[in-house]
Amino acid sequence: MKLEQVGFNRYRLPRQGKMRVSGLVYASPALLEHVRGDNSLQQLAHAAQLPGVVEPVLGMPDIHEGFGLPIGGVMAVSEEGVISAGAVGMDINCGVRLLRTELSADSFDRPLLRKLMTEVEALVPTGVGKKGLHRGITARIFEEVVYQGATAVVKAGFGCPEDIERIEENGCLPGADLAEVSREAIKRGSEQLGTLGGGNHFIELQRVDKVFDPEVAERFGLFEGQLTVMIHTGSRGFGHQICTDYSKGHIPAAPRYGIELPSKGLACAPIDSAEGRSYYAAMACAVNYAFANRQIITADIRQAFVQVLGLRLEDIGLQVVYDVAHNIAKWEEHGGRRLLVHRKGATRALPPGHPANPPVYRGTGHPALVPGSMGTASYVLVGTDLAAESFFSVNHGAGRTLSRSAAERSITKEEFEASMGEILYNTRNFRDVVDEAPQAYKDIEEVVDTLVEIGLTRKIARMMPMAVIKGKD
DNA sequence: ATGTGC
């Protein structure tokens with residue numbers, strides 16, 4: 001693909017072939033070879049062919065090839081345009097929540113960290129296909145969950161109302177309709193609420209090792225040396241089934257509206273069509289489910305800490321700093337226009353003062369949460385006014401550099417163990433985690449710096465992992 | 001990502 005440098009760390013993907021608009025890709029010189037190393041630019045060009053797409057389609061510095069839109073892609077569409085399940089992703093509202101504590105990380109030795117990991121694992125099922133431990137309650141409130149999101153589980157006793165004001169969209173996307181969700185998805189979803197999943201999903205005990213902006217960090221409740229907990233999970237089999245159902249269903253739907261599909265992965269329907277409205281309503285169910293999932297896991301983590309530490313919750317802390325979606329399509333106002341912004345492996349990052357910030361973060365901009373790999377740092381960022389050019393979006397992580405199978409082929413046990421250093425992890429079998437090895441990911445520092453150097457985002461704090469809980473059989 | 005290949 002033809003790519004033109006248009007500034008420091010910025011590249012234009014000019015209109016070529018059937019592209020309706022151009023693309024804009026952020027990459028440092030070192031990341032550029034990764035960007036060119038797979039089909040992600042081709043996939044971005046395909047997205048630029050869809051009806052109603054708004055200039056530009058974007059590639060974040062963590063971009064890599066995915067199903068339909070590349071992971072690390074942003075596609076905004078006007079009201080006359082299309083909605084695409086493949087441009088949201090398989091794991092609808094895969095996202096990250098950060099919890100703060102009142103505790104110094106340095107007072108946690110390895111045996112105590114191990115105890116905490118064991119207790120968290122006892123309360124939060126991890127691994128593919130696992131069923132939740134609160135099935136009695138969650139089956140009963142399942143319908144409320146898909147319509148009300150995190151609020152439904154707070155009402156059921158998981159967490160407190162203050163948590164809700166620190167979740168993107170207050171933990172609930174309007175417009176959900178369970179009638180648009182298949183029985184299969186409902187079955188899988190009602191069993192899996194309150195579970196972590198596998199792959200890149202994790203619960204991490206972290207230490208804030210650097211504060212870059214003390215004033216904003218204080219507003220976020222963060223300080224150097226602090227123990228934090230990060231949760232990365234999504235809508236489990238529920239969102240996966242919804243994505244599968246609609247990306248298949250929209251393949252025959254698209255031509256009925258005269259849409260030429262550039263790829264099956266970008267199957268889509270007009271937003272204002274029966275098929276498009278159905279997907280949006282089903283997607284909103286999964287978005288709300290994922291917010292509720294992270295809310296239940298938060299309550300479980302609080303319980304684990306109280307049990308292990310023998311302290312009162314108010315002395316531990318574990319308040320929500322923020323909760324962001326990484327895979328979502330949302331109606332937002334940009335430049336006076338109402339757009340459906342598809343973010344797939346991208347994080348909304350609003351600047352200080354933006355009216356769409358939650359009231360508690362109106363003055364600072366909300367925290368944008370960006371996890372690294374299991375052996376490297378995670379970041380708390382905020383957006384700047386310049387991020388208007390990316391529809392107020394930043395990267396969502398480090399981004400893969402090796403596919404899961406390539407990681408299994410090329411990374412040795414010794415290399416993996418060396419890269420983890422002193423960091424504790426729950427998986428005993430190297431084969432179970434090799435696809436998540438730090439070597440399979442880009443350098444998070446390079447990825448974040450790419451956007452910071454442009455001025456699209458600012459660093460607020462950096463956390464280093466102390467103990468990582470991953471999906472386990 | 002995923003009751004992990006159609």
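Each chain gets a letter, A, B and so on, in the order the sequences are listed, and its residues count up from 1. These values consider heavy atoms only, across backbone and side chains, with no hydrogens, waters or symmetry-generated copies.
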Donor-acceptor pairs under 3.5 Å, side chain of residues 289-301 of chain A to any protein atom, not counting sequence neighbours: which ones?
unit_1	atom_1	unit_2	atom_2	d
A:Y289	OH	A:G189	O	2.6
A:Y289	OH	A:L193	N	2.9
A:N293	OD1	A:G194	N	2.6
A:N293	OD1	A:T195	N	3.2
A:N293	ND2	A:T195	O	3.0
A:N293	ND2	A:G234	O	3.1
A:R294	NE	A:D323	OD1	3.1
A:R294	NE	A:D323	OD2	3.1
A:R294	NH1	A:N93	O	2.9
A:R294	NH1	A:T233	O	2.8
A:R294	NH2	A:N93	OD1	2.8
A:R294	NH2	A:D323	OD1	3.0
A:Q295	OE1	A:R97	NH1	2.8
A:Q295	OE1	A:R97	NH2	3.2
A:Q295	NE2	A:F158	O	3.1
A:Q295	NE2	A:D163	OD2	2.9
A:T298	OG1	A:R97	NH1	3.1
A:T298	OG1	A:R294	O	2.7
A:D300	OD1	A:H134	NE2	2.9
A:D300	OD2	A:H134	NE2	3.2

Does the side chain of A:L3 come within less than 4.5 Å of A:L41's, by heavy atoms?
yes

Checking all strands, does A:E436 fall into the base, sugar-phosphate, or nothing category for heavy-atom contacts under 4.0 angstrom?
sugar-phosphate

Rounding to an integer number of Å, can you tell me how far A:F67 CZ sits from B:dT2 C1'?
12 Å

OP1 or OP2 of B:dT4 less than 4.0 angstrom from a side-chain nitrogen or oxygen of A:R404, does that happen here?
no

Is there side-chain contact between A:Y26 and A:V35, with heavy atoms separated by less than 4.5 Å?
no

A:D432 CG - B:dT4 P separation (whole Å):
16 Å

Please give, in whole Å, the distance from B:dT4 C1' to A:R236 CZ?
12 Å

Between A:Q241 (CD) and B:dT4 (C1'), how many Å, whole number?
14 Å

Touch class at under 4.0 angstrom, heavy-atom based, for A:G198 against every strand present
sugar-phosphate

Quickly work out the A:K187 NZ to B:dT2 P distance and round it to whole Å.
16 Å

Any pair with a residue in residues 137-150 of chain A that passes side-chain hydrogen bond (donor to acceptor under 3.5 Å, both in side chains), sequence neighbours left out, goes on the list, sorted by first then second residue, please.
A:Q148-A:K155

Rounded to whole Å, the NZ-C1' distance (A:K130 to B:dT4) equals 14 Å

Interatomic distance where NE2 belongs to A:H240 and C1' belongs to B:dT4 [whole Å]
8 Å

How close or far is atom P of B:dG5 from atom NZ of A:K248, stated in whole angstroms?
12 Å

By the 4.0 Å heavy-atom rule, please label A:G234 as base, sugar-phosphate, or nothing.
nothing

